[in-house]
Every structure is written in structure tokens, then in C-alpha cells.
Amino acid sequence: MPAVPARLVVFAYLAGLVPAALLALAQPVWSLVDEAQHYDFVVQLAQGAYPTEGAARLRPETREALSGPWPPYRAQPRRFPAVQADPAGPPAGVSDYARRLWMSRHVWEFSYEAQQPPLYYLAAIPAWKLADLGGGPRVALFALRLLNALLLAGLAPVAMLMAWALRPERTLAVAAVIVTATLPGLVLNATQVTNEAAAVLLGGISLLLALRWAVSGWNRRRALLLGLVFGAALLTSITAAGLAPALALALFWPGAPWSSKFRWAATAGAAAAACLLPWFALNLAVYHQLTPAQAANSLAYIPGGTPGPAYLASALLNAYLTFWVGEPGSVLPGAGPFLLLVTVLAGLSLAGVARFRGWAAAGAWRVLALAVAGQALAALAVPALWGSLFLAPGRYLYPAAAAATVLFAAGLWRELGPRLRAPALAAGSLAALGCLLAFAAGLPASGRTPLPRAGQSISQDAAFAGFEVTLDGVSSSGGAWVHVEARNGSGTVAEWSPEPIVLVDGRQSGLAGYEDSSDLPVTLAPGAAESGWIKLPVDAATLASSRVSLRFWGIALDHYRQVGAVEVPVRI
């Protein structure tokens with residue numbers, strides 16, 4: 001196989017670095033994807049403390065950076081306000097529902113990413129200390145983001161080398177680089193302060209080594225190196241375990257005696273396990289378990305249960321969608337049209353991959369395909385193992401991101417003729433880059449409508465233990481809206497959910513438009529009142545022709561000793 005030109009490797013890294021660095025600097029603080037908690041893990045370690053999952057709260061340095069200007073787009077959740085942590089802590093002696101409700105609103109106060117393996121956070125300490133010394137916690141946050149951009153950029157040359165190992169064609173290698181460098185979800189989420197960028201890079205390197213050595217042949221040194229790289233990936237993010245079946249396939253590649261295959265597999269497995277032993281020992285000392293899973297469960301607010309077909313289908317769909325556009329997908333302008341385009345291209349790519357026989361080197365593409373499949377199974381397993389059936393996010397697939405992008409590019413290359421290859425890949429990559437540039441420029445995501453300026457006056461209200469909700473206006477400006485005022489006359493601090501359930505003729509029609517509505521706070525002090533517009537998931541005609549009411553749930557008083565709801569009709 002001819003060697004890859006050095007200038008192609010440099011091109012690949014720079015192609016990955018430009019969008020990564022742009023998003024690292026341009027996206028708002030804080031990201032919804034647990035960025036404050038990832039950042040806090042670094043802060044805690046830099047200050048000589050190892051945070052205990054389920055107990056450690058955000059450090060003052062984290063809250064100082066958190067209290068900076070909020071971004072202008074409307075996708076920031078009201079449940080993560082930039083205020084001091086609740087000093088009272090989780091309520092005691094209340095129902096499980098009340099405890100989970102409190103946790104859904106206050107889990108952000110905990111340093112809950114302490115459950116992660118510590119390799120990335122330990123490696124990030126020098127960058128944080130230098131930047132904090134020079135400019136404070138907020139500058140340190142951007143220093144860590146740039147560190148992640150430098151790490152993520154390394155995935156583009158890894159993808160190029162993977163494509164070259166499948167089929168040494170310059171144009172295919174360049175296509176793999178472009179797809180990897182402009183994958184919107186990966187660039188968006190991995191350039192925040194998170195362990196994802198390091199896990200993605202280490203996972204990609206382990207797959208690249210496995211792919212090349214499955215074809216060229218194994219020895220003990222190669223098996224040892226693969227195990228160490230894979231172990232480092234696991235010590236960065238345990239979700240990288242989804243790559244294990246693909247690595248095993250590469251180690252047991254046909255052509256060598258079975259005794260040698262077992263020796264190589266044992267060597268790689270022992271090396272990977274050795275990387276994890278210090279973390280397991282630490283967990284045994286702190287939690288008396290190999291992982292902090294049980295401690296993490298104490299912070300759960302989504303109930304567990306047995307995954308059924310409906311959950312698995314929803315989780316797979318969510319993982320697929322957010323793999324491409326990241327979390328929250330609603331922040332990327334043009335995310336909907338991009339997903340339609342990329343889904344069509346993905347269908348063509350799958351058809352091409354199905355006809356790979358004899359086209360890719362020695363069938364080694366199966367290693368990449370198994371990596372994607374194994375990572376998808378791992379993404380579905382994580383919520384169940386953690387005892388909380390949240391929908392699997394696409395970032396759980398990112399350890400296999402390079403495998404997915406290479407197969408995507410190579411499948412299109414195989415299926416489409418010379419005249420269609422470049423236009424198809426260019427269309428997808430330009431659309432992806434357009435989403436990223438529009439987001440970096442601060443453009444709002446498509447589909448959002450401005451808040452109404454005026455509307456028709458109405459007057460309906462309901463109260464729970466002194467907490468009163470009044471509907472005093474409706475509007476049909478770009479949809480159906482109601483103007484709400486919440487007033488806390490209970491005499492204690494109250495918390496509520498300004499995202500009511502909408503009922504039409506007595507049946508639930510969905511939740512109000514959380515991201516489009518006014519930024520109403522969850523917590524109201526005694527005597528305080530807040531008002532704003534809430535967008536409904538119905539049209540204006542439905543308001544006039546049907547019985548519509550809003551159920552404001554989760555109204556909590558006296559530190560969650562009283563929890564109730566009110567239902568207010570919308571009468572025009």
C-alpha cells in the first residue's frame with residue numbers, strides 16, 4: 001500500500017482545526033451538554049480535591065464563570081439558572097416524585113460529572129491553571145475549549161488514514177477528511193469543555209491501529225499498543241467500550257494460528273484493563289464499588305425501568321438525529337433541512353457499503369461497521385445500566401465517529417459515479433458547514449418566532465396553596481400564545497414549571513413551546529411575580545373552536561413538602 005503524502009496529513013489536521021477552533025470560541029457559555037460540570041471536575045482536581053459523585057457541589061470558580069452573560073438564543077433551559085446553589089439540599093422525607101422533581105431543577109448545582117473516568121480532566125489541569133492565572137475562570141474555560149479543538153482536529157487525519165487503509169485513493173481520503181471535519185454535532189459538542197474530544201480521538205486511533213494491523217498482521221508489541229490506546233480511551237470515557245467488538249474482530253482476523261490470536265487478544269485486554277485499574281481502585285476506596293453508578297443514581301430524576309420496543313426505537317432515533325446535529329439540535333440554524341439531506345445521502349451510502357465486496361482492502365471495512373454497531377448498542381445500554389431511561393444521545397456514538405464518517409464517505413464513493421460523487425459530498429459538507437457558521441454568527445435556529453408584542457385581553461386564573469397562575473392575554477402572532485403571570489403568595493419559596501401541559505378537549509396535546517417562550521424563572525421568592533408569553537403547540541383556530549386548558553404541574557412549596565398543580569382554561 002502506498003504511503004500517505006505528508007502534506008495530506010497536514011491538510012487534514014488544518015481542515016479539522018478551523019471549524020473546531022471557530023466553534024470553541026464562538027458558541028455561548030454555558031453549553032446545555034453538562035459543560036459546567038465537566039469544567040468543574042477540572043477545577044476540583046486543580047485545587048487538590050477529588051469530587052465525590054452525588055455530594056460535591058459546583059466550585060465558586062465554576063459559578064463565577066457561570067454567572068457571566070447568557071447567550072441570546074432561546075434554547076437555554078430555565079432549570080439551569082446562573083444563581084447560587086440551593087443551600088437546603090435535596091428535600092428529606094418527601095415522596096419519590098417530589099425528590100425527582102427537585103433533582104430535575106437542581107441537579108445542575110452538583111459536580112455530577114465526577115462519575116467520569118479522570119484521564120481527560122487530569123490532563124487538562126495545566127491548561128486550566130495557566131489560563132486561570134492569566135485571566136480568571138472565564139478565560140480558563142475558553143482555554144479548555146481550545147484544547148479540545150486541538151484534540152478534535154486530530155480526528156480528521158485519523159479518518160483520512162482509515163479511508164486510505166480501505167482504499168488508497170487521494171480523492172476518497174480527502175472526502176473522509178471533509179465529512180469528519182464538518183460533522184456538525186461532533187464539532188458543536190466536542191469543542192465544549194467535555195471529555196468527548198479526547199475519547200473521540202483515542203477511540204479513532206485505536207480503530208485505525210486495529211484496521212491497519214488486521215490487514216498487515218499482528219505481533220505482541222502491536223497488540224500491547226492497541227490495548228494501551230483503547231485503555232486510555234476507556235479511562236477518558238467508559239462509553240468507548242462499544243468499540244471492543246470491532247477491536248476483537250481485528251485481533252482475531254483470519255490468517256494466523258488461533259493460539260497466536262488468543263495471545264494477542266489477551267495482551268491487548270490485559271493492557272486495557274491495567275489502564276482502568278487505578279480508577280477502579282479509587283472507586284472502591286470512595287464508593288465501595290468499581291464505578292460510581294450507584295452514587296450517580298442518587299442524582300437521577302428520570303425514572304428507570306425495563307427498556308421496551310418503544311423506548312429502544314425512540315432512543316435509536318434520538319441518537320441518530322443528535323449524532324448529526326448535536327445537543328440540543330434545536331440550536332443549529334438549518335438543522336431540519338440538513339438532516340433531510342444527510343439522511344438521503346446516508347441511504348445511498350448504506351447501499352454502497354452493502355456492495356463493498358472486493359472494493360475495500362481485505363474486507364477490513366467490517367471492523368469499522370462493527371465499531372458503529374457496537375457503539376450504538378453501548379449507547380442504548382448506558383441509560384439502562386445507570387438506572388435512568390433517558391433517550392440515548394448521539395454523543396454516545398462519537399467514539400466511533402471516525403468509523404461512521406469514513407463509511408459514509410466510502411459508501412457514497414462506491415455507490416455514486418465519478419460525476420455525482422463530488423457534488424453529493426460537497427452538498428452535504430457545505431450544508432453542514434453552513435449550519436456551523438450560522439450558529440457561530442449568532443443566527444437563531446430555524447422555526448423560531450419572536451415573542452408577541454400585544455394580544456387580546458382575557459382573565460382566567462387558578463391557585464395552589466397561595467401560588468396563583470393567571471392568564472391575561474392571548475395572541476395569534478406566528479402561532480398561538482398566552483400571556484401568563486405567576487404570583488407567589490404562599491409565604492415560602494416556590495418553584496414551578498413554566499412549561500405547562502396543553503389539553504385540548506380534555507386530552508393532552510403536548511407541552512408548551514419551551515424554547516420559544518419567555519424566559520420565566522423556575523424559582524419565585526415569597527411575594528414575587530413573573531410574567532411572559534408562552535407558545536402553545538396548537539394553532540389559533542384551535543383556541544377559538546376547542547376547549548383548551550393549561551396544566552401547570554410541579555408547583556412546589558415549603559421545600560417540596562407541598563407539591564401540586566393547577567389547570568387554567570384558555571377562554572377567548
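Counting from 1, the numbers follow the sequence of the chain as shown.
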Whether Asn148 side chain and Ala24 backbone form a donor-acceptor pair below 3.5 Å: no
side-chain contact (heavy atoms from CB on, under 4.5 Å) partners for Leu340, two or more places apart: none
Leu207 side, atom CG; Leu161 side, atom CG - distance, nearest 0.5 Å: 13.0 Å
Donor-acceptor contact below 3.5 Å, side chain Arg421 vs main chain Leu416: yes
Shortest non-hydrogen contact between Ala272 and Phe230, atoms and distance: CB-CD2, 4.1 Å
Could you pull out all donor-acceptor pairs under 3.5 Å where a side-chain atom in residues 343-356 meets a protein atom, sequence neighbours excluded?
residue	atom	partner	partner atom	Å
Thr343	OG1	Tyr320	OH	2.9
Thr343	OG1	Leu339	O	2.7
Ser349	OG	Leu407	O	3.2
Ser349	OG	Phe408	O	3.0
Arg355	NE	Glu415	OE1	3.4
Arg355	NH2	Glu415	OE1	3.2

Main-chain N/O of Val193 paired to Glu35 side chain as donor or acceptor, under 3.5 Å: yes
Backbone of Ala176 reached by a side-chain donor or acceptor of Thr405 within 3.5 Å: no
Gln289 backbone acceptor or donor facing Asn283 side chain under 3.5 Å: no
Partner residues of Leu277 under the side-chain contact (heavy atoms from CB on, under 4.5 Å) criterion, sequence neighbours left out: none
Contact summary for Pro393 and Thr322, nearest pair of heavy atoms: C-OG1, 3.6 Å
Under 3.5 Å: donor-acceptor pair, side chain of Glu327, backbone of Asn189: no
All salt bridge (charged side-chain N to carboxylate O under 4.0 Å, His left out) counterparts of Arg263, not counting sequence neighbours: none
Parallel, tilted or perpendicular: rings of Trp213 and Trp218 (30°, 60°): perpendicular
Residues forming a side chain to side chain donor-acceptor pair (under 3.5 Å) with Trp264, sequence neighbours excluded: none
Residues which pass ring pair (Phe, Tyr, Trp, His ring centres under 6.0 Å) with Phe323, listed by chain and number, not counting sequence neighbours: Tyr398
Anything under 3.5 Å between a donor and an acceptor, one on a side chain of residues 365-376, the other on a protein residue two or more places apart or in another chain? List them.
residue	atom	partner	partner atom	Å
Gln375	NE2	Thr239	O	2.7
Gln375	NE2	Tyr396	O	2.9

Any donor-acceptor pair under 3.5 Å from Gln37 side chain to Trp108 backbone: yes
Atom of Leu101, atom of Gly554 and distance for their closest heavy-atom approach: CD2-CA, 3.6 Å
With sequence neighbours excluded, residues passing side-chain contact (heavy atoms from CB on, under 4.5 Å) with Leu201: Leu151, Val158, Ile205
Trp553 side chain vs Glu499 backbone, donor-acceptor pair below 3.5 Å: yes
Counterpart residues, side-chain contact (heavy atoms from CB on, under 4.5 Å), relative to Leu437 (two or more places apart): Leu22, Leu433
Between OG1 on residue Thr236 and OH on residue Tyr120, distance to nearest 0.5 Å: 10.0 Å
Minimum heavy-atom distance between Asn195 and Ser237, given as atom pair plus value: ND2-CB, 3.9 Å
Residue list, ring pair (Phe, Tyr, Trp, His ring centres under 6.0 Å) with Tyr97, at least two apart or on another chain: none
Contact summary for Val522 and Arg105, nearest pair of heavy atoms: CG1-CD, 3.7 Å
With sequence neighbours excluded, residues passing ring pair (Phe, Tyr, Trp, His ring centres under 6.0 Å) with Tyr50: Phe41
Glu495 versus His106, side-chain donor and acceptor atoms under 3.5 Å: yes
Shortest non-hydrogen separation from Leu251 to Ala265 and the atoms involved: CD1-CA, 4.0 Å
All ring pair (Phe, Tyr, Trp, His ring centres under 6.0 Å) counterparts of Trp279, not counting sequence neighbours: none
